[in-house]
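This report concerns only the one structure given below.
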Amino acid sequence: MPWLERGIGMEAAVVKEGDWVLIYFSEKKSYVVRVEQGRQFHTTKGSIDLGSLVGVEYGSRLETNVGEEFYVTRPLIVDRLSVLKRFTQVIYPKDLAYLLLGSGVGPGSRVVEAGTGTGYLTSILAFYVRPSGRVFTYEAREDFYKMAVENFERIGLLPYITVRKRNIKEGIKERNVDAVFLDMPDPWEVFGEAYSVLNHGGTINVFTPTTGQMSRSIEGLKRAGFKRVEAAEIMYRRYKASPRELRPENVGIWHTGYIIRGQKL
Ligand SMILES: C[S@@+](CC[C@H](N)C(=O)[O-])C[C@H]1O[C@@H](n2cnc3c(N)ncnc32)[C@H](O)[C@@H]1O
């Protein structure tokens, strides 16, 4: 998929059938859509014949059926998350970014994660471990497992993900793992197992919504033998990107969750 090659040197100049593209009208209005012959995409600014985008150069300025201008370009990975069907709480970009950077994960990493849920975190991890790494993600619920697989197909990252329909408390199947990520109600139940499958230098990264879970996680990580244990909350404040009216946005997401991290030395 051309959008996946962004940043690793491949430039597809024109839109192809099946591409996910970003339709940009304004700072407030943009959409991620898949280009398909015979499909109309309806917006409040008129409709777009998606088939007519095939062969159009990326970066082109076009018009809807009622003459409203839009650009067609490549979505960023963070835009692409919007194509996932949401059926659980998800981890937001501000937390995904911090989780990723501090975990040490990069191209080639072997990563274990639970629970899969909607798959926001899984998708970000898969995007960054490409092309030679892999994410092994555990989901206890059968219905969620099936929906997550469909989501990974939709976003185009399934080739880098092994989805296991399994309660991670029953054991981690992988060995020689570079990082473990846990977004589940009782992560401390698997800290011992996570420690045993991690490589030296590997990290454990926990995301949890309440202070009680954060406290138990810190205690549990230390007891399991992890060092460099740290806990954080990421405060994110968006500003109106308007030079003459530069000030914080009126509304934003206030609470998301806490990030607790440890390392196996
Ligand atoms: C909050 S959601 C995860 C959301 C995900 N991090 C994202 O960004 O989209 C938590 C998921 O963990 C699953 N889960 C809870 N306990 C689990 C366990 N012991 N093993 C595997 N999955 C589990 C739940 O079924 C649920 O789908």
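This one's a predicted model, so the numbers in the text were calculated from it and none came from an experiment. Order of appearance sets the numbers: ligands from 1, and atoms from 1 within every ligand.
A donor-acceptor pair shorter than 3.5 Å can be found between the side chains of Thr256 and Asp95. Side-chain atoms of Ser60 and Glu57 form no donor-acceptor pair, as typed in the model, at a separation below 3.5 Å. Looking at Thr162 and Arg134, their side chains do bring a donor and an acceptor atom within 3.5 Å of each other. Between the side chains of Thr43 and Lys29, no donor N or O sits under 3.5 Å from an acceptor N or O. If you check the side chains of Thr118 and Thr88, you find a donor sitting under 3.5 Å from an acceptor.
In terms of protein heavy atoms, atom 15 (C) of ligand 1 is closest to Pro185 CD, 3.8 Å. Annotation: atom 14 (N) of ligand 1 to nearest protein heavy atom, Gly115 CA, 4.1 Å. Looking at atom 20 (N) of ligand 1, its nearest protein heavy atom turns out to be Ile168 N, 3.1 Å. Closest to atom 22 (N) of ligand 1 among all protein heavy atoms lies Ala140 N, 3.2 Å. Among protein heavy atoms, the minimum distance from atom 3 (C) of ligand 1 is reached at Asp183 OD2, 3.3 Å. Protein heavy atom nearest atom 4 (C) of ligand 1, with residue, atom name and distance: Gln89 O, 3.2 Å. Nearest to atom 19 (N) of ligand 1 among the protein's heavy atoms is Asn167 OD1, 2.8 Å. The nearest heavy-atom contact from the protein to atom 7 (C) of ligand 1 is Tyr120 N, 3.6 Å.
Taking the six-membered ring for Trp and the full ring otherwise, Phe181 and Phe207 have centroids separated by 6.0 Å or more.
Less than 4.0 angstrom separates some heavy atom of Phe144 from each of these atoms of ligand 1: 25 (O), 27 (O). Under a 4.0 Å criterion applied to the non-hydrogen atoms of Lys169, ligand 1 contributes the atoms 19 (N). In the vicinity of Arg166, heavy-atom distances shorter than 4.0 Å reach the ligand 1 atoms 20 (N), 21 (C). Counting the atoms of ligand 1 from 1 in the order shown, those under 4.0 Å from a heavy atom of Thr88 are 2 (S), 4 (C), 27 (O). Each of the atoms 9 (O) of ligand 1 lies under 4.0 Å from some heavy atom of Thr118. Atoms of ligand 1 lying under 4.0 Å from any heavy atom of Leu121, numbered from 1 in the order shown and given with element: 7 (C), 8 (O).
A side-chain donor-acceptor contact under 3.5 Å links Gln263 to the backbone of Gly201. In this structure, the side chain of Ser109 does not engage the main chain of Val111 through any donor-acceptor pair within 3.5 Å.
Legend: residues meeting salt bridge (Lys or Arg N to Asp or Glu O under 4.0 Å) with Arg164, ordered by chain and number and at least two apart, are Glu174.
Distances from atom 5 (C) of ligand 1 to the heavy atoms of Leu84, Thr116, Ile91 show the closest one on Thr116. Evaluated by nearest non-hydrogen atom to atom 11 (C) of ligand 1, the leading choice among Glu139, Lys165, Glu142 is Glu139. If you check each of Pro209, Gly119, Ala114 against atom 9 (O) of ligand 1, the one with the closest non-hydrogen atom is Gly119.
Val14 places none of its side-chain heavy atoms less than 4.5 Å from the side chain of Tyr58.
For Arg86, the CZ atom is densely surrounded, since the number of other residues' heavy atoms within 6.0 Å is greater than 12.
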